[in-house]
Amino acid sequence: MKIENKITEAVMQITEELYGQPVPEKMVQLQQTRPEFEGQITLVVFPFTKMSHKAPEQTAQEIGEALKEKLPEVVSKYNAVKGFLNLSISSEQWIDVLREIYENPRYGFTPVTEDSPLVMIEYSSPNTNKPLHLGHVRNNLLGWALAKVMEANGNRVVKTNIVNDRGIHICKSMLAWLKWGNGETPESSGKKGDHLIGDYYVAFDKHYREEVRELVAQGMDEEQAKQEAPLIKEAHEMLVRWEQNDPEVRSLWRKMNEWVYAGFDETYKALGVSFDKIYYESETYLEGKEKVEEGLEKGLFYRRDDGSVWADLTKEGLDEKLLLRSDGTSVYMTQDIGTAKLRFQDYPIDKMIYVVGNEQNYHFQVLSILLDKLGFKWGKDLVHFSYGMVELPNGKMKSREGTVVDADDLIQTMVADARQMSADKVNKLEGITDEEAQEIARIVGMGALKYFILKVDARKNMLFNPEESIDFNGNTGPFIQYTYARIRSILRKWEEASPVPSQGGGNGKAANLLPLGGGREGASLAEREISLIQKLQDFQTTVRQAGQDYNPSCIANYCYELASEYNRFYHDFSVLREEDARKRQFRIALSAAVGQVIKNGMGLLGIEVPERM
RNA sequence: GGUCUGGUAGCUCAGUCGGAUUAGAGCAACAGCCUUCUAAGCUGUGGGUCAUGGGUUCGAGUCCCAUCCGGAUCACCA
């Protein structure tokens, strides 16, 4: 049983004995004791003063006395400051806590069974006309981390992606390639497929704007010019031919999309993300129409004179929303309804989470209402995991203005920086091959990038300054990875020196250390060691919190705090050089447990940890 | 204008269910610590009217109201 639970139980009994009624469990507020006071756990007694009819300090005093009597093996000392009762917990209790964490390689995780709720998470969702940029990176990393967090909280998770592979934007790239491409392919030019297509998208836009400018110069109204420019008309014609299944257009479309997918796959692989099921809009966009027709029959929607179909959401405090155009074609909303329908057919979904930027908050508010009306049981409670934009020092990223931070470039830079960084520290990496050094650079570089993005609250906009490279010191991924590498270094040395053969498992031979301490007498721990154990224990609560709030960033912040705490411990105490065998054993186990939790915690963020760096 | 969202140190960010007369980290600046398990580390100094004004109470960065400033959104685009 957790120490906190024991205390809570005892406090409820004590208040009943002293004041005639037990306080409700919620009122037993336990928190970590501030460093400037003695003790480790603090009970806030202000809420009890109403029933004790005594001053806060006096109330704390008598509860402390009773606690010490009731739980002598737990509470060794206490002191009362105002309404705060600070409890000193015996070292044996803390060692028990450590043992429990140490012996459970999955500490903090809730097991997933066949009966666990099924959560589908949609993330990434790229367009196929341009390469991924930093905004997509944030999306992908958040989606992946969220999936891991949900899994850690005992959910079956299906990761899904909806690829926007059709529409006018793809036709623009296709048209530009036909006109100016001279048959360029990824093979012929050595360009990554998504970048190649992106270049033609930009080329289209450039020529198109020239055409518009010329028409305006000839006296045409700008709005009209945008519609009358020959290029845009041609693109529209191509879209029509696509929808009519024109073999020539379709075949070009397939070829170019394949190039893009090959490029995306590389980027996804570098980011370490993957999907269980990919949907393509070209396959789902017709599905939504059926559902809309269905809703029309049921009187949920209505048709205007021009033939367009609308949902009236004014009762819900929203606007009227278009669902089918007057020519019968579908819009974004219709497609999302169609995709939802297919997904529901494919999986018995209990909860649906969409990882999509906050610019689409309104869209998902509407989608939720519509899905609910159409009878999707999870529609009403769908979760829009709405994350903020990545901004540059001079504002938002805009593809057309070329102010984007390309994902592939950024990844490459990060890994190269990490490689450069470790080149200065030759002594640490002596005896390793070039491949191993490169692998470490990959892990560290990606760790820096991922942590940089995941440590900030997903809902908030965040700033990225391309002028300043992402840090490797301080509150960063590499700091935490470094702490792990230090721990692994200690454990390797310990294992080498130990005569006992390895038993395998995450902790290797260190498992032989337990039970800790042998006899119980005099096993006194330093405050710093205890606070490390407390921090370890917090992992469970943090994982739950992250799951409840859909908030991976609190895992990142937790990992930093744990690593920080360990580094202070590392600085102040010797592990292998400790002469007292029992203390040494304890510290090795403590280190192993910290390493394990760091690895698991970082794993939830999709960040790997290196054995050395 | 309606709706949503944010405002904490020069910069980037934490701050749980409201808890400790002193609001935390990192970066940047300055000063220390490697003959010692990895210095990508540790320790210290300076830096704040928690946007502003009210309210709620034993207690407010945190909850409520108003105001100011920023961002998003309100398309027969996706």
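Sequence lines set the chain letters: A, B, ... in the order given, protein chains first and strands last, and positions in each chain run from 1. Note: hydrogens, waters and symmetry copies are ignored here, and every other heavy atom, side chains too, is used. Since this is a predicted model, take the numbers as computed values, not measurements.
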- Task: Mind running side chain to side chain donor-acceptor pair (under 3.5 Å) on A:Thr33 and A:Thr42 for me, showing each step along the way?
- Result: CA-CA 5 Å; A:Thr33 305; A:Thr42 293; 2.7 Å; yes
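For the atom pair CD (A:Glu608) and CD1 (A:Ile440), the distance works out to 12.0 Å, reported to the nearest 0.5 Å.
Take A:Asp572 and apply the salt bridge (charged side-chain N to carboxylate O under 4.0 Å, His left out) test, not counting sequence neighbours, and it matches A:Arg528. Residues passing the side-chain hydrogen bond (donor to acceptor under 3.5 Å, both in side chains) test with A:Tyr570: none are found, sequence neighbours excluded. Partners of A:Lys233 under the salt bridge (charged side-chain N to carboxylate O under 4.0 Å, His left out) rule, at least two apart in sequence or in another chain, are A:Glu228. Annotation: side-chain hydrogen bond (donor to acceptor under 3.5 Å, both in side chains) contacts of A:Thr413 (sequence neighbours excluded): none. Residues passing the salt bridge (charged side-chain N to carboxylate O under 4.0 Å, His left out) test with A:Asp165, sequence neighbours excluded: none. Partners of A:Glu391 according to the salt bridge (charged side-chain N to carboxylate O under 4.0 Å, His left out) rule, which considers only residues two or more places apart in sequence or in another chain, do not exist here.
Here B:C37 presents its C1' atom at 14 Å from CD of A:Glu579, a figure rounded to the nearest Å. Look at NE2 on A:His136: it is 16 Å from P on B:A78, rounded to the nearest Å. One interatomic measurement links the two molecules: CD of A:Gln32 to C1' of B:U16, which rounds to 12 Å at whole-angstrom precision.
Cation-pi check for A:Arg304 over A:Trp310 is met; the charged atom lies under 6.0 angstrom from the ring centroid and within 45 degrees of its normal.
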- Task: Sugar-phosphate means primed atoms, P, OP1 and OP2; the rest is base. With that split, encode nucleotides 28-36 of chain B 5' to 3' as B, S or - using protein heavy atoms under 4.0 Å.
- Result: --------B
- Note on the structure: With sugar-phosphate taken as primed atoms, P, OP1 and OP2 and all else as base, the protein-contact string of nucleotides 57-62 of chain B at under 4.0 Å (heavy atoms; B, S, -) is -B----
- Query: Tell me, what's RNA chain B's dot-bracket, Watson-Crick or G-U with both distances under 3.5 Å, | for other-strand, [ ] crossing?
  - Reply: (((((((..((((.....[....)))).(((((.......))))).....(((((..]....))))))))))))....
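Heavy-atom contacts from other residues, nucleotides or ligands closer than 6.0 Å to CZ of A:Arg568 number more than 12.
Between the side chain of A:Asn139 and the backbone N or O of A:Ser124 there is at least one donor-acceptor pair closer than 3.5 Å.
The side-chain hydrogen bond (donor to acceptor under 3.5 Å, both in side chains) analysis of residues 471-480 of chain A, with sequence neighbours excluded, yields the pairs A:Tyr451-A:Asn475.
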For nucleotides 74-77 of chain B, tabulate all protein N/O to nucleotide N/O atom pairs closer than 3.5 Å, reporting atom names and distance.
unit_1 : atom_1 : unit_2   : atom_2 : d
B:C74  : O2'    : A:Asp319 : OD2    : 2.5
B:C76  : O2     : A:Ser326 : N      : 3.3
B:C76  : O2     : A:Ser326 : OG     : 3.3
B:C76  : N3     : A:Ser326 : OG     : 3.0
B:C76  : N4     : A:Asp306 : OD2    : 2.1
B:C77  : OP2    : A:Arg325 : NE     : 2.5
B:C77  : OP2    : A:Arg325 : NH2    : 2.7

Sort me out a list of protein N/O and nucleotides 10-14 of chain B N/O pairs below 3.5 Å, or just none if empty.
unit_1 : atom_1 : unit_2   : atom_2 : d
B:C13  : OP1    : A:Leu463 : N      : 2.9
B:A14  : OP1    : A:Asp457 : N      : 2.6
B:A14  : OP2    : A:Lys460 : NZ     : 3.1

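When the side-chain nitrogen and oxygen atoms of A:Arg584 are compared with OP1 and OP2 of B:C37, none of them lie within a distance under 4.0 Å.
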